[in-house]
Amino acid sequence: MYFIAGSTNCLKEPVEVLEEAILGGITIFQYREKGEGCLCDSERLELGKRLRNVCRENGIPFIVNDHIELALELDADGVHIGQEDEEALQVREKIGDKVLGVSVHSREEAEKAIRAGADYFGVGPIFPTATKEDAKEVQGTAMIEKLKDFGIPMVGIGGINADNADIVTNAGADGVSVITAISHAEDVRAAAAGLREKIEGGKK
Ligand SMILES: Nc1nc(C(F)(F)F)ncc1COP(=O)(O)OP(=O)(O)O
Ligand SMILES: [Mg+2]
């Protein structure tokens, strides 16, 4: 149950959103500070520290998106990179044995990520998403089906919510990653709990 958020995805204080999402049962968090009006430099670092502390206090892995130096400065548990970010092999050298997540959109990209020592794949966008302006084309669960024989842990991403999360896990994903379905919820804790229940209840 992978929650991803940054200040631009939250309608209130991000630390509060994360605390409520953790109470609702998320199992891993990614700090993704990106998009129109996102924080940078010291503000991004300060929020990163507060979010990292909340994760540590609750035993939740804290992953940083894109920015390897920020991840190292925050002593994050890992990083997530996509095809337009720093080369996975280089990142693996910089982060040692921290968690390395890679967005993959084909078997070739998956094979390359495995050679770099990826610990999990992010696969998507499964459904249409408004969160990522430069998202690649919507692919449904086809890529999840194609990549599951690699045996690498896989999360689906892109437009996932309580209504469609079971489609993603039933297709073979080990989990789902979610931004807006949790961060824009009236009741963040209930939204996280509902998703968690769906993917656990939904799994065949
Ligand atoms: N951030 C992500 N996290 C995941 C995760 F697997 F963690 F759910 N999967 C995919 C992405 C997308 O990564 P990327 O393609 O680099 O775009 P962006 O940096 O804009 O997020
Ligand atoms: Mg990226």
Side-chain angles (χ1 to χ4, degrees), residues 1-10 14 18 21 26-40 44 48 51 55 60-71 76-92 94-95 98-106 108-110 112-114 116-141 143-144 147-148 150 152-161 164-165 168-169 171-183 192 195-196 199:
M1 191 49 238
Y2 198 154
F3 179 41
I4 301 178
S7 62
T8 63
N9 308 109
C10 297
L18 177 56
I26 64 166
T27 54
I28 179 170
F29 174 72
Q30 179 186 127
Y31 180 34
R32 179 177 180 273
E33 189 60 33
K34 197 155 185 175
E36 187 69 28
C38 65
L39 303 177
C40 23
R44 181 176 66 185
L51 296 171
C55 287
I60 299 281
F62 175 77
I63 306 294
V64 171
N65 185 52
D66 284 356
H67 305 289
I68 311 310
E69 306 317 320
L70 175 65
D77 297 300
V79 298
H80 188 91
I81 53 169
Q83 297 301 318
E84 281 79 43
D85 297 307
E86 203 175 329
E87 271 306 305
L89 258 177
Q90 256 173 271
V91 173
R92 172 48 80 201
K94 285 184 179 177
I95 65 171
K98 289 178 182 293
V99 172
L100 173 61
V102 183
S103 306
V104 295
H105 310 84
S106 68
E108 295 69 33
E109 288 179 3
K112 190 164 159 257
I114 289 172
D119 295 296
Y120 72 81
F121 292 154
V123 180
I126 311 291
F127 308 109
T129 171
T131 305
K132 179 173 165 59
E133 310 89 67
D134 58 339
K136 295 192 188 317
E137 67 179 281
V138 174
Q139 51 180 272
T141 57
M143 194 51 68
I144 290 176
L147 300 179
K148 61 187 178 188
F150 281 113
I152 299 283
M154 232 182 339
V155 288
I157 188 168
I160 299 176
N161 55 45
N164 60 27
V168 182
T169 47
D174 300 281
V176 296
S177 60
V178 164
I179 300 184
T180 312
I182 292 178
S183 73
L195 266 155
R196 174 95 187 244
I199 60 173

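In listed order, ligands and their atoms are each counted from 1. As a basis for the values below, the full set of heavy atoms in this structure was taken, side chains included, without hydrogen atoms, waters or symmetry mates. Nothing fancy with the numbering, it's 1 onward along the sequence.
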For His67 and Arg44, does a side-chain donor sit closer than 3.5 Å to a side-chain acceptor? yes

Taken in chain and number order and not counting sequence neighbours, the residues that satisfy side-chain contact (heavy atoms from CB on, under 4.5 Å) with Val91 are Ile68, Val79, Ile81, Glu86, Ile95, Leu100

Contact residues of ligand 1 (heavy atom under 4.0 Å), by chain and number: Tyr2, Ile4, Gln30, Arg32, Lys34, Asn65, Asp66, His80, Gly82, Asp85, Ser103, Tyr120, Gly122, Lys132, Val155, Ile157, Ser177

Below 4.5 Å, heavy atoms only, C-beta onward: do Tyr2 and Val178 meet side chain to side chain? no

Test item: side-chain donor near acceptor, Ser7 and Glu33, under 3.5 Å: yes

All side-chain hydrogen bond (donor to acceptor under 3.5 Å, both in side chains) counterparts of Asp66, not counting sequence neighbours: Lys34

Are Leu18 and Cys55 packed together at the side-chain level, in the sense that at least one heavy-atom pair is separated by less than 4.5 angstrom? yes

For Ile157, run the side chain to side chain contact (heavy atoms under 4.5 Å, CB included) check against Val168, Ile4, Val123 and tell me which one passes. Ile4

Is any side-chain heavy atom of Tyr120 closer than 4.5 Å to one of Ile63? yes

Quick one: name the protein N/O/S atoms under 2.8 Å from the Mg ion (ligand 2), chain by chain. Asp66 OD1, Asp85 OD2

Should the ring pair Phe3 and Phe29 be called parallel, tilted or perpendicular, given that the plane angle runs from 0 to 90° and is split at 30 and 60? tilted

